[in-house]
Amino acid sequence: MGESTELRERLQAIREQVQGNLQRILDSKSVYEYRKSVFDGKTGLIGSLMKEMGKIPKEEKADFGKKVNEIKNWAQELFDQKNTALRELEMQKRYEAEKIDVTMPSLMRPKGNLHPVTLVTNQLIDIFAGLGFDIYEGTEIEKDYYNFTALNTPQDHPARDMQDTFYLSPEFLLRTQTSAGQIHVMEEKKPPIKIISPGKVFRSDDDATHSPMFTQMEGLVVDKGITLGDLKGMLDEIVQKIFGEGTTTRLRPSYFPFTEPSVEVDVSCFQCKGCGCSLCKGTGWIEILGAGVVNNKVLAGCGIDTDVYSGFAFGVGLERIAMLKYGYNNIKLLFESDLRVLSQIDD
Amino acid sequence: MLLPLSWLKEYVDINVTPEVLEEKLFSCGFEVEEFYQVGKDIKGVVVGLVESCEPIEGTHLSLCMVNAGSYGTFQVCCGADNVHAGGKFPLALVGAQVYATAKDHVTVEGLMEIKAGKLRGYDSCGMLCSGTELGLTEDLYPGAGYNGLLALPDDSEPGADVKEITGLDDWIYDVSIYANRPDAMSIFGIAREVAAVLNAPLHEPDLSYTEHKTKAEVTGSDLTVTVSAPDLCPRYIGHYVYDVKIAESPAWMRRRLALVGCNSISNIVDITNYVLKELGQPMHAFDEAFLSQSHIEVRRADPNEPIVTLDEKEFRLNRDNLVICDGEKPVALAGIMGGLNSEIRDTTSGVVFEAAKFARDNVRKTSRALGQASDSSAVFSKGVNEYTTVMAMKRALHLVEELGCGTVSSTHVDANTGNSIDPKPLTVSVKRVNGVLGITVPDQEIVSILSRLSMQPELDGDTLSLRIPAYREDMEAYQDVAEEVIRMYGYDHVQSTFMPTARVTSGGRNIHQKALLRLRQNLAAAGACEAIHYSFFSPEDFELLRLPDSAPERRAIRILNPINENLSLMRTTLVPQMLQAIQRNEKRGTIEGRLFEIGKAFLAKSLPLEDYPEERETLCVGVFGTEENFFTLKGLADTAAASYGVKFRYEASDTSFLHPYQTAAILLDGEKIGVLGKVKYEIADELVLRTPAYILELDLSALSKYDNNMKKYRPLPKFDVEKRDFAFVCDREISCEQIEEAIAGACPYVTSVRLFDVYEGPNLPSGKKSMAFSVVFTPDQHAFSEQEMNGYTDAVLAALSEKYGAVLRS
């Protein structure tokens with residue numbers, strides 16, 4: 001039994017020595033090397049134990065082998081634990097070394113924006129496309145006939161004075177209104193017709209509130225039994241989609257040669273909800289577009305039977321919508337390509 | 001148009017407040033742009049009875065005790081020469097507001113508030129006022145022009161509001177009238193509408209007069225009128241008045257004219273202006289003594305015919321101008337202005353009044369062409385109706401009698417083309433009227449509204465018979481009737497419906513519109529902001545671009561009537577405005593950025609225009625800043641190409657405004673469709689650009705055939721791809737594209753060739769450069785063996801060596 005007590009004490013001393021040494025080691029490479037030395041078959045504290053097997057009496061061999069295995073397993077585990085602990089520590093240090101200031105600016109390359117007028121145009125196109133409207137884009141240079149005469153505005157008509165027209169020749173001009181597209185569409189297509197026609201228009205006006213070029217969108221519906229009520233009903237839908245739920249419309253008399261009756265359409269002020277503010281100049285209403293029931297002379301001129309069909313048309317200034325919606329205070333801002341302006345709105 | 005409430009009340013009983021009247025006018029189609037009280041600035045001025053008035057020794061001042069009725073009696077120091085005990089004058093109480101005048105007591109210099117003060121040691125509580133201080137003129141109120149106190153009527157009550165006595169409590173409406181309602185462009189015209197909308201009786205102006213001797217009896221010769229251009233003058237009425245006594249008009253007429261901004265001249269001239277404002281019919285008065293042969297001829301002017309108008313301007317006329325002539329010469333520019341030769345003078349004793357209808361378009365064109373306009377030409381340009389022409393002459397003759405300024409002769413000449421001024425029948429279906437509106441307006445409402453509008457409705461079942469007054473030339477069909485009904489009935493009665501009878505249609509963007517939207521979005525995603533520039537530009541823009549004289553861009557379409565020379569040509573390229581946009585941004589402190597515009601370039605097939613020109617959809621991109629270079633811009637070109645699912649080829653090129661060695665032509669299917677490059681230094685300097693700028697312009701119409709170039713999914717490679725990097729040394733002149741094509745051509749399995757490094761420098765022989773490419777080989781049948789790969793790379797090396805003498809860099 002003396003052998004066995006001696007062995008136990010020796011093994012205990014090895015354990016204490018390995019444990020003590022390992023505690024002092026602070027990097028995984030040293031752990032690796034120490035482990036190698038401990039388990040070395042010839043010189044290692046644990047690795048060389050098996051060499052003694054020969055000297056062990058036969059009846060004790062089994063017990064010795066078992067004890068050596070135990071200490072081997074114990075040491076393996078101890079080294080594994082040490083390795084894990086050290087790896088965590090090293091990872092921790094690595095993380096700390098890579099600490100950053102997360103409030104520093106991002107490296108995103110800013111994207112560009114579509115022009116505010118394009119944004120408004122796209123929104124309107126999406127709304128009207130959902131209602132079954134096609135998009136017709138006419139030409140900016142137009143014949144007098146399509147811009148005026150066919151729209152019930154013959155040469156001597158006083159309404160021509162309402163619009164200062166740029167002429168390119170006696171026959172050709174820069175269209176003053178996207179209404180010119182109506183006629184082309186009605187010449188090419190028979191009812192039912194539902195189109196919108198966005199595009200640039202031109203008037204000889206250039207001051208603080210007018211631009212000689214601006215963007216309009218004409219809308220036209222021709223089918224059986226179309227009424228002024230249908231115009232109002234459709235506009236009620238549209239303005240809620242543009243300016244928000246609860247926005248209402250108000251019709252009041254106006255005059256355009258190509259519609260009869262003609263109306264000016266106001267929307268309830270979406271800023272003050274009709275209470276009166278600077279946007280609506282205290283009236284609770286904002287003028288946004290002109291519209292009306294298509295004049296029979298216009299329909300008949302395009303070969304549409306006015307006993308069967310009727311229609312409505314409207315025209316809206318898109319810069320005005322953009323200004324109202326996004327809060328621009330000057331139409332000129334929209335044509336100056338100032339990146340400080342253009343980079344602000346994405347809608 | 002200015003509309004005094006007091007004048008309006010002569011024709012219609014108005015028993016609503018000025019605010020309600022404004023709303024009513026608005027609701028029936030007459031927007032009031034502004035309405036205000038004549039004396040809106042005057043507050044706290046009452047009748048003051050001067051009870052005592054003692055001169056203050058050594059001054060020009062008088063110390064007055066002024067009785068202001070219920071306000072009390074105040075001590076006031078007054079410097080006016082006409083102040084006297086027993087007189088009644090406007091007293092501005094302490095706290096009142098009146099106009100401040102300069103030392104001359106005539107020039108108004110803003111407003112002042114009256115404060116209690118001391119003058120020469122005497123307390124003064126208030127101020128006795130002149131007419132000027134109340135904003136009055138002699139025409140607005142007799143006596144107001146006197147440079148001293150305004151004397152008030154003896155019967156005025158001390159303490160009464162002076163505004164009521166002097167008419168400062170009157171209201172002015174500034175009404176805008178749509179072009180289809182020239183009949184409403186007058187006080188009486190609006191009165192008709194007000195009577196209809198208020199359902200109040202309308203009082204017609206008095207048109208009565210008595211005719212006396214014929215002209216022949218008075219002057220020995222009759223008046224004759226010939227209209228030799230009836231297309232331009234469908235009606236011309238002349239009437240002779242004799243025993244004319246030129247004098248000042250009565251106060252009431254001068255006041256009314258003053259309220260609508262018209263200077264009083266003399267009774268006869270004032271009558272013509274009064275009728276113009278009252279009825280909307282321009283009139284003219286000729287001094288009969290200067291009408292040669294007592295004859296009037298309305299004719300087109302002879303070429304180069306001279307006339308001097310009332311304002312002493314001389315014009316040379318042509319066949320497009322209409323003139324009124326006497327037996328010898330032009331005496332008026334028809335509808336625009338009378339001639340100096342026949343104007344009314346103080347000595348005038350016989351007058352021929354003219355009331356006529358001239359073609360609106362002709363008056364407008366002549367007025368514009370000559371740059372000569374008047375109240376008359378403005379009205380004629382909008383259109384007058386013959387009903388009113390006839391009425392106006394009667395009214396003028398009535399006023400001659402009322403003012404006692406002449407005797408109306410029985411010589412009346414009406415040269416007309418037979419147009420009726422009687423009501424015109426119009427029959428419509430009530431169902432169709434309601435069909436326009438989408439509601440059913442009660443029959444009795446329809447009848448009531450139309451009778452208030454003097455259309456004499458008679459309803460029989462669905463048939464509505466009307467008699468349209470001749471002045472309502474706009475009334476032609478049931479749609480017009482519908483408008484009359486709804487504007488009086490109220491647009492708030494219109495019920496919203498949602499096209500219940502219309503057919504369902506499909507809609508939305510077509511493929512071309514979708515492609516353009518996609519392009520815009522892709523360019524924005526690549527960091528460019530969209531710009532919109534004018535479709536016109538300046539001839540100087542050609543010089544900015546250094547375009548040679550023969551450049552096709554110089555064949556731009558000219559605007560005949562541009563706002564100015566800088567906006568006088570339809571643009572043939574989008575580049576100048578993009579350059580200017582970059583310049584503006586830099587000027588405002590933005591020194592880097594990306595902009596793009598998609599717009600039209602206008603290319604005439606012939607000049608002058610005979611047909612629609614080509615409106616070519618064009619993309620222009622401008623980038624600027626130290627981070628940008630040729631290849632960042634080329635990236636945006638490739639973005640555009642990718643947007644259409646195509647690849648562009650680039651070829652070294654040059655153009656007048658770009659760097660000769662940093663410019664490429666953009667090719668698609670072998671056709672040049674655009675150009676990109678660095679802006680020339682000369683141009684950058686001219687624009688004072690601080691950072692390099694790069695410009696791209698691309699013809700989008702050439703891309704439209706790829707609008708719908710939808711790509712299909714290509715399966716991923718079944719076997720691992722092999723990547724090899726090669727660095728070749730070759731002559732400097734060999735292009736990247738040449739090597740790329742040689743590599744791709746050397747082996748059918750090459751699926752991608754990408755340049756990743758270029759080097760020129762001391763380690764290489766002079767005239768040589770090194771280019772390093774990353775090449776991808778994609779197997780199709782089986783994974784490549786080592787041996788196969790060696791074969792392929794050898795093929796690449798051999799091809800490069802053979803074609804360009806390129807060798808692998810050691």
Side-chain angles (χ1 to χ4, degrees), chain A residues 109-115 117-118 125 128-129 132-135 139-141 155-156 158-159 161-162 166-169 172 192 194 200 204 206 212-213 221 223-230 232-234 236 251-255 260-261 263 293 295-296 334-340 342-343, chain B residues 28-29 178-180 360-361 382-383 435-439 477 479-480 482-483 486-487 491 494-499 501-509 513 520 524-525 527-532 534-535 557 559-561 563 567 581 584-585 588 590 593-595 600 602 608-609 612-613 615:
Chain A
R109 179 184 172 105
K111 64 182 265 312
N113 291 325
L114 300 189
H115 192 277
V117 170
T118 304
I125 285 176
F128 282 103
F133 283 67
D134 278 322
I135 296 101
T139 54
E140 294 176 30
I141 292 178
Q155 196 56 244
D156 74 328
D161 279 353
M162 292 155 63
F166 290 114
Y167 278 91
L168 306 174
S169 75
F172 285 97
K194 276 193 211 153
K200 293 172 181 175
S204 179
D206 195 10
M213 182 186 91
V221 172
D223 204 349
K224 292 175 183 164
I226 298 296
T227 71
L228 188 62
D230 292 333
K232 182 165 163 61
M234 191 205 65
D236 282 344
L251 306 184
R252 55 193 169 84
S254 186
Y255 170 66
E260 182 75 34
V263 290
V293 174
N295 194 311
N296 276 353
L334 297 172
F335 299 112
E336 287 177 347
S337 306
D338 188 328
L339 282 160
R340 296 170 304 171
L342 296 177
S343 61
Chain B
C28 71
Y178 292 116
N180 63 328
R360 60 190 180 192
D361 191 41
K382 284 163 187 149
V436 171
L437 305 174
I439 52 172
Q479 287 182 310
D480 305 303
E483 180 166 57
I486 196 65
R487 75 184 176 92
Y491 275 88
V494 175
Q495 296 291 314
S496 293
T497 48
F498 207 67
M499 300 184 254
T501 57
R503 280 162 285 181
V504 172
T505 50
S506 75
R509 293 181 178 86
Q513 291 156 347
R520 283 189 162 93
C529 278
E530 188 186 9
I532 296 180
Y534 290 161
S535 295
I557 302 160
I559 298 171
L560 299 179
N561 55 336
I563 288 182
L567 303 172
R584 271 196 302 278
N585 273 287
R588 297 172 186 184
T590 306
R594 296 179 162 193
L595 284 165
K600 286 170 166 179
F602 298 85
L609 279 186
Y612 284 101
E615 297 191 5

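By convention in this document, chain letters (A, B, ...) are assigned in the order of the sequence lines, proteins followed by strands, and residues within each chain are numbered from 1.
- For the pair Glu140(A) and Ser535(B), the tightest heavy-atom approach, listed with the atom from each and the gap, is OE1-OG, 2.6 Å.
- In terms of heavy-atom proximity, Asn585(B) sits nearest to Ser337(A) at ND2-O, 2.7 Å.
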(request) May I have the step-by-step check of side chain to side chain contact (heavy atoms under 4.5 Å, CB included) for Asp338(A) and Arg584(B), ending in yes or no? (result) CA-CA 7 Å; Asp338(A) 188 328; Arg584(B) 271 196 302 278; over 6 Å; no

(request) Run the numbers on Lys224(A) and Thr501(B) for side-chain hydrogen bond (donor to acceptor under 3.5 Å, both in side chains), then give the verdict. (result) CA-CA 6 Å; Lys224(A) 292 175 183 164; Thr501(B) 57; over 6 Å; no

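- Contact of Asp206(A) with chain B is made through backbone and side chain together, with heavy-atom distances under 4.5 Å.
- With sequence neighbours left out, the side chain to side chain contact (heavy atoms under 4.5 Å, CB included) criterion links Ala528(B) to Arg594(B), Phe596(B).
- Between chain A and the residues Ile557(B), Leu567(B), Val436(B), the most heavy-atom pairs under 4.5 angstrom are made by Val436(B).
- With chain B as the partner, the residue from Asn295(A), Val117(A), Thr139(A) showing the most heavy-atom pairs under 4.5 Å is Thr139(A).
- Residue contact with chain B, scored on non-hydrogen atoms closer than 4.5 Å, involves the side chain of Phe172(A) exclusively.
- Options Arg487(B), Arg509(B), Gln495(B) differ in how many heavy-atom pairs under 4.5 Å they form with chain A, and the most are formed by Arg509(B).
- Of all heavy-atom pairs between Gly507(B) and Asp134(A), the closest is CA-OD1, 3.5 Å.
- Interface summary for chain A: among Gly593(B), Pro613(B), Ala581(B), the most heavy-atom pairs under 4.5 angstrom belong to Pro613(B).
- Note on Phe335(A), Phe166(A), Phe128(A), Phe133(A): by heavy-atom pairs under 4.5 Å with chain B, the leading option is Phe166(A).
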(request) Could you give me the CA-CA distance, side-chain angles and deciding distance for Glu336(A) and Arg588(B), then say whether salt bridge (charged side-chain N to carboxylate O under 4.0 Å, His left out) is met? (result) CA-CA 11 Å; Glu336(A) 287 177 347; Arg588(B) 297 172 186 184; 3.3 Å; yes

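- The two residues Leu339(A) and Cys529(B) make their nearest non-hydrogen contact at CD2-CB, 3.7 Å.
- Among the candidates Pro212(A), Gly112(A), Pro192(A), the residue making the largest number of heavy-atom pairs closer than 4.5 Å to chain B is Gly112(A).
- In this structure, Ile563(B) and Ser204(A) approach most closely via the heavy-atom pair CG1-OG, 3.9 Å.
- Residues Glu615(B) and Ile141(A) come closest through the heavy atom pair OE2-N, 2.7 Å.
- Contacts of Arg252(A) with chain B are made by both backbone and side-chain atoms, with heavy-atom separations under 4.5 Å.
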(message) Show, in sequence, the C-alpha distance, side-chain angles and deciding distance for Asn113(A) and Glu530(B), and conclude whether the side chain to side chain contact (heavy atoms under 4.5 Å, CB included) test is met.
(response) CA-CA 6 Å; Asn113(A) 291 325; Glu530(B) 188 186 9; over 6 Å; no

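- Rounding to the nearest 0.5 Å gives a distance of 9.0 Å between OG1 of Thr227(A) and CD1 of Ile439(B).
- Note on Ala482(B), Ala477(B), Ala531(B): by heavy-atom pairs under 4.5 Å with chain A, the leading option is Ala531(B).
- Side-chain N or O atoms of Thr497(B) include none that pairs as donor or acceptor with a backbone N or O of Gly233(A) at under 3.5 Å.
- The candidate with the highest count of non-hydrogen atom pairs below 4.5 Å against chain A, out of Gly438(B), Ala525(B), Gly527(B), Pro608(B), is Gly527(B).
- Per-residue counts of heavy-atom pairs under 4.5 Å with chain B were compared for Thr118(A), Asp236(A), Val293(A); the largest is that of Thr118(A).
- Separating the CD1 atom in Ile532(B) from the NZ atom in Lys200(A) is a distance of 6.0 Å, to the nearest 0.5 Å.
- With chain B as partner, the option from Ser169(A), Gly229(A), Ser343(A) having the largest number of non-hydrogen pairs under 4.5 angstrom is Gly229(A).
- Atoms CD and CG, from Glu260(A) and Asp480(B) in turn, are 4.0 Å apart once rounded to the nearest 0.5 Å.
- A salt bridge links Asp223(A) with Arg503(B): at least one charged nitrogen is closer than 4.0 Å to a carboxylate oxygen.
- Of the residues considered (Leu342(A), Leu251(A), Leu168(A)), Leu168(A) shows the highest number of contacts with chain B, using heavy-atom pairs under 4.5 Å.
- Asn561(B) places a side-chain N or O within donor-acceptor distance of the main-chain N or O of Tyr167(A), the cut-off being under 3.5 Å.
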